[in-house]
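Below is one structure, written out as structure tokens, with a few remarks after it.
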Amino acid sequence: MEKQVQKPKQLPNKFIYAAFLIVTIIFLARGDFPTAIIFGGIGLVFDPFNHSLSFGKRPLWQKVWLICHILMVLIILGFTVGRKF
């Protein structure tokens with residue numbers, strides 16, 4: 001009798017990532033920067049690309065997209081912290 005290996009269920013990361021990105025943009029438009037930072041950072045958890053590839057083996061455009069996303073979150077963080085002082 002053969003053992004069947006079950007694949008774990010995959011979340012629809014592309015749609016979840018897109019939802020977090022849209023919510024981030026909405027909060028930025030409303031001027032709620034701390035909440036935009038939260039949603040923007042959490043959105044990175046749901047990598048919309050093939051996660052079986054390591055970061056170094058991904059196509060250049062995917063690396064650029066993810067680096068721009070984290071830079072956007074860090075810029076908003078810096079802007080928010082700068083406004084507080």
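All heavy atoms count here, side chains included; hydrogens, waters and symmetry mates do not.
- Formation of a donor-acceptor pair under 3.5 Å by the K14 side chain with backbone atoms of F49 is not found in this model.
- Cluster annotation: L60 and F55 are assigned to distinct hydrophobic clusters (Ile/Leu/Val/Met/Phe/Trp/Tyr, side-chain heavy-atom contacts under 4.5 Å, transitive).
- From L44, atom CG reaches atom CG of L21 across 9.5 Å, with rounding to the nearest 0.5 Å.
- Once rounded to the nearest 0.5 Å, the distance linking CG of L66 with CG of L71 reads 11.0 Å.
- Checking T24, I25, I26 one by one against I22, the side-chain contact (heavy atoms from CB on, under 4.5 Å) holds for a single residue, I26.
- In this structure, I37 CD1 and F79 CZ are separated by 10.5 Å, a value rounded to the nearest 0.5 Å.
- Under the 3.5 Å distance criterion, the side-chain polar atoms of H69 are left unmatched by any main-chain donor or acceptor of G43.
- The same ILVMFWY cluster, assembled from side-chain heavy atoms under 4.5 Å apart, contains both V45 and L74.
- Placement of V23 and W65 within a single hydrophobic cluster is found when ILVMFWY residues are connected by side-chain heavy-atom separations under 4.5 Å, directly or transitively.
- Note that CD1 of I76 is 11.0 Å distant from OG1 of T35, once rounded to the nearest 0.5 Å.
- By the rule that hydrophobic residues join a cluster once side-chain heavy atoms approach within less than 4.5 Å of another member, I38 and I70 end up as members of one cluster.
- Note on I67 and F20: same hydrophobic cluster, where clusters join Ile, Leu, Val, Met, Phe, Trp and Tyr whose side-chain heavy atoms are under 4.5 Å apart, directly or indirectly.
- Among residues two or more places apart in sequence or in another chain, the side-chain hydrogen bond (donor to acceptor under 3.5 Å, both in side chains) test is passed with S52 by N50.
- A salt bridge is defined here as a Lys NZ or Arg NE, NH1 or NH2 lying under 4.0 Å from an Asp or Glu carboxylate O, and D47 with R58 meets this definition.
- Residues I16 and P12 meet the side-chain proximity criterion, which asks for heavy atoms closer than 4.5 Å.
- Looking at heavy atoms from C-beta onward, N13 lies out of side-chain contact with P48 at the 4.5 angstrom threshold.
- Contact between G40 and V73 at its shortest, heavy atoms only, is C-CG2, 3.7 Å.
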